[in-house]
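Throughout, protein chains are lettered first and strands after them, A, B, ... in sequence-line order, and every chain is numbered starting at 1.
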Protein chains: 2
Amino acid sequence: MSGMSRRRITSKELAKLAGVSSATISRAFSPDSRIGSATRDRILAVAREHGYQPNAIARSLNNQRSRLVALVVNAIGNPCEAEEQQLLVHRLQARQLLPIILCCADHSDRLQLMRLASTYQVDHVVVFSDMVSMQDAVDIFHTTKPIIVSFEPLDNESVSSIRIDGAEAADEIIDKIVRDGKKRFAYLSGTNSSWIDKLRRKWFADALAKRGLSFEAQAFGDYSYDSGFKEAVLLLHRDKVDAIICGNDVMAIGARDAARRVLGKNTPDDIAIVGQDGIAMAAWDCNDLTTLSLDHVAFIDAVVELIERHDAEIEGPHSITLTCTARWGSTA
Amino acid sequence: MSGMSRRRITSKELAKLAGVSSATISRAFSPDSRIGSATRDRILAVAREHGYQPNAIARSLNNQRSRLVALVVNAIGNPCEAEEQQLLVHRLQARQLLPIILCCADHSDRLQLMRLASTYQVDHVVVFSDMVSMQDAVDIFHTTKPIIVSFEPLDNESVSSIRIDGAEAADEIIDKIVRDGKKRFAYLSGTNSSWIDKLRRKWFADALAKRGLSFEAQAFGDYSYDSGFKEAVLLLHRDKVDAIICGNDVMAIGARDAARRVLGKNTPDDIAIVGQDGIAMAAWDCNDLTTLSLDHVAFIDAVVELIERHDAEIEGPHSITLTCTARWGSTA
DNA sequence: ATGCATTGTGCACACGATTACACAAACGAC
DNA sequence: GTCGTTTGTGTAATCGTGTGCACAATGCAT
């Protein structure tokens with residue numbers, strides 16, 4: 001417990017101190033290896049005394065297993081992903097896996113960043129971001145056996161994926177809004193054209209089509225409050241819509257604020273606003289959003305299940321489908 | 001570009017393919033090493049063709065430098081830290097450093113988690129969380145030379161830190177509220193008793209004392225909207241306060257909602273509510289919070305500066321002080 | 001032509017662990 | 001007492017790079 005020693009002690013040095021060979025040190029730290037229990041106890045005691053812990057970098061090199069997991073995300077701050085990230089990080093930590101965050105803000109260095117991470121021999125890759133092409137991810141991480149991804153289903157033997165189905169819930173929501181008398185719908189996308197965005201838009205477009213309607217206008221934001229606010233002003237003013245389906249909850253809050261503040265219109269009477277994701281903030285009293293909600297716990301359960309399959313070296317990709325539900329607030 | 005090769009190619013194999021020794025391969029990838037430029041170009045071409053990239057794990061073992069950075073945080077979702085995390089991650093990535101997230105939710109395994117990370121020979125440690133004692137961090141990471149931390153100043157030769165000063169801004173805010181006629185103040189803490197919480201409370205307590213006032217009540221939340229909501233109900237109802245200083249912005253939003261919803265009181269006339277952090281959400285139209293704001297960019301600049309000093313092996317700890325400012329909204 | 005500095009490359013070892021193999025000791029069965 | 005099995009430990013190779021040292025080749029000045 002001297003705490004002052006600058007350098008980390010190595011297994012060979014500890015071996016000398018304990019009067020054994022370095023192989024025995026290693027065995028003392030591997031639960032299922034042949035070693036006398038007296039020897040193990042003595043070694044662990046000496047190790048504790050000198051603050052020894054096996055070097056995970058060296059172990060990874062030998063093992064061909066780093067216990068590192070790359071998480072590819074759009075952003076850290078944005079709550080639409082944050083809740084899932086938080087859950088996943090906890091689950092990984094419980095399994096003694098360490099998450100490396102790859103934050104892919106702008107396109108230029110996304111690939112370079114992923115290449116850097118692949119260099120660290122990560123055991124798994126979870127792609128949360130809809131900004132990165134799955135094909136790119138596969139090309140870069142092809143060495144790490146199959147890849148765990150989410151959202152985008154890719155016909156590749158080495159990719160497991162999670163599919164999301166919100167068609168039914170979207171239908172319920174559209175049904176309610178149409179019955180409330182709204183006629184002119186707009187879709188406010190979160191990205192210019194990502195796979196997940198197209199999918200979500202289709203759920204609502206299909207529900208409208210079923211009733212002989214379609215989107216009168218479409219706008220593109222960037223998943224942020226500010227973009228929701230700005231685009232909503234245009235949609236309401238220029239396109240005279242009375243219902244806006246937003247790509248996520250944060251933009252929906254921005255749109256609601258814009259309607260109230262700039263045009264003096266209130267939900268749900270003058271205008272209907274719908275979010276997507278079902279983040280905690282959407283349920284706050286000041287927001288009370290109607291939203292197409294995904295069960296985050298179930299989602300992360302699915303991710304963890306895929307990772308466990310991968311860890312157990314079960315061959316072949318696997319696909320899990322989750323269903324969204326409508327969560328009702330006072331905005332639609 | 002076959003993309004089908006299961007195993008990663010090694011430097012020795014590439015050496016055979018390029019007709020050189022593995023040492024030369026290594027040199028081809030090190031910018032400042034003695035190697036013929038023709039040889040380097042040829043090697044890089046062959047490397048690209050076979051998808052070779054040097055193994056960072058092996059390099060780290062040899063280098064004694066992992067280029068990994070441990071980020072110790074309270075939570076990922078909570079916006080009060082998220083903006084800083086996001087900024088820092090980008091800055092680290094730009095320096096080719098990979099962040100490992102340690103999310104310290106409950107106390108039980110915090111230390112174990114940090115020990116696990118220290119095993120990976122991280123080059124730097126940034127402690128954002130006020131839930132972990134700096135002394136623990138120092139004990140665990142003492143091998144990674146000095147530690148980069150934030151907030152808690154610790155008298156330790158191996159710890160650099162960032163100090164935050166919000167006394168003056170707190171004084172401004174209290175001044176305004178007192179001039180508005182508020183008399184009974186409460187402080188709503190974010191944690192039971194963390195170092196940063198005590199510090200922030202003191203800024204406001206001092207400002208009150210200067211005017212012959214003090215906190216009439218104190219409550220403890222957990223930095224969440226729900227805890228802000230719940231505690232505010234008690235403070236307003238039971239303790240009849242008319243001003244609440246909150247430990248962060250999210251709790252302040254919860255408190256504002258509680259005042260409005262449960263007791264029908266509005267800011268700033270009936271009651272004053274103040275947040276801390278200055279997150280983007282606080283400025284949203286629906287919130288418009290008065291808050292003690294910290295310049296996140298300046299803060300992360302400071303963190304990066306400390307990391308750079310550390311990387312350059314400049315000896316000795318260093319301390320940087322940042323000043324908060326008052327950001328005015330309609331809640332106080 | 002000789003001496004010396006510079007450049008380019010290979011050899012071999014180090015980094016710190018894990019693990020197949022070998023071997024000694026202990027043990028039980030007959 | 002002998003053989004076979006189990007148990008515990010050491011030896012040495014291995015994981016994939018980086019790098020000090022040695023050495024050949026080249027360039028340049030005299």
So what does [X] hit on the nucleic acid, given a heavy-atom distance under 4.0 Å: a base, only sugar-phosphate, or nothing?
{"X": "A/Thr24", "result": "sugar-phosphate"}
{"X": "B/Thr39", "result": "sugar-phosphate"}
{"X": "B/Arg34", "result": "base"}
{"X": "A/Tyr52", "result": "sugar-phosphate"}

Round to the nearest Å and state the distance from [X] atom [atom1] to [N] atom [atom2].
{"X": "B/Arg59", "N": "D/dC15", "atom1": "CZ", "atom2": "P", "result": "19 Å"}
{"X": "A/Phe29", "N": "C/dG16", "atom1": "CZ", "atom2": "C1'", "result": "13 Å"}
{"X": "B/Asn62", "N": "C/dC15", "atom1": "CG", "atom2": "C1'", "result": "6 Å"}
{"X": "A/Ile25", "N": "D/dG8", "atom1": "CD1", "atom2": "C1'", "result": "14 Å"}
{"X": "B/Arg65", "N": "D/dT17", "atom1": "CZ", "atom2": "C1'", "result": "16 Å"}
{"X": "A/Asn55", "N": "C/dC15", "atom1": "CG", "atom2": "P", "result": "12 Å"}
{"X": "A/Leu61", "N": "D/dT14", "atom1": "CG", "atom2": "C1'", "result": "9 Å"}
{"X": "B/Ile9", "N": "D/dC15", "atom1": "CD1", "atom2": "P", "result": "15 Å"}

Item checked: D/dT17 phosphate, OP1 or OP2, under 4.0 Å from B/Ser11 side-chain N/O -> yes

Check: Does B/Gln64 put a side-chain nitrogen or oxygen below 4.0 Å from OP1 or OP2 of C/dG16?
Finding: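 Yes, within the criterion.
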
Please pick, from [options], the nucleotide with the shortest atom-to-atom distance to any side-chain atom of [X].
{"X": "B/Ala23", "options": "D/dC15, C/dG10, C/dT19", "result": "C/dG10"}
{"X": "A/Ser26", "options": "C/dC11, C/dT18, D/dG18", "result": "C/dT18"}
{"X": "A/Ala58", "options": "C/dG16, C/dC11, D/dG18", "result": "C/dG16"}
{"X": "B/Thr10", "options": "D/dG16, C/dA17, D/dT19", "result": "D/dG16"}

Going by atom types alone, do [X] and [Y] pair a side-chain donor with an acceptor below 3.5 Å?
{"X": "B/Gln121", "Y": "B/Ser66", "value": "no"}
{"X": "A/Ser30", "Y": "A/Ser33", "value": "no"}
{"X": "B/Ser319", "Y": "B/Arg163", "value": "yes"}

Next item on the list: Between B/Gly36 and B/Gln121, name the one whose nearest nucleotide on DNA chain C is closer to the 5' end.
Entry: B/Gly36

Notebook entry, point to check: Would you call A/Val69 and A/Val122 a side-chain contact if the rule is heavy atoms closer than 4.5 Å?
Noted result: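 The answer is no; the side chains never approach within 4.5 Å.
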
Note to self: Please compare A/Ile35 and A/Ser22 by the position of their nearest nucleotide in DNA chain D and report the one closer to 5'.
What the structure shows: A/Ile35

Margin query: Please confirm whether the ring centroid of A/Tyr52 lies under 6.0 Å from the ring centroid of A/Phe29.
Written below: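 Yes, the ring centres sit under 6.0 Å apart.
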
Note to self: Nearest 0.5 angstrom please: B/Asp136 CG to B/Leu111 CG, how far?
What the structure shows: 4.5 Å

Check: Less than 3.5 Å between a donor and an acceptor, one on the side chain of A/Arg27 and one on the base of D/dG10, is that the case here?
Finding: yes

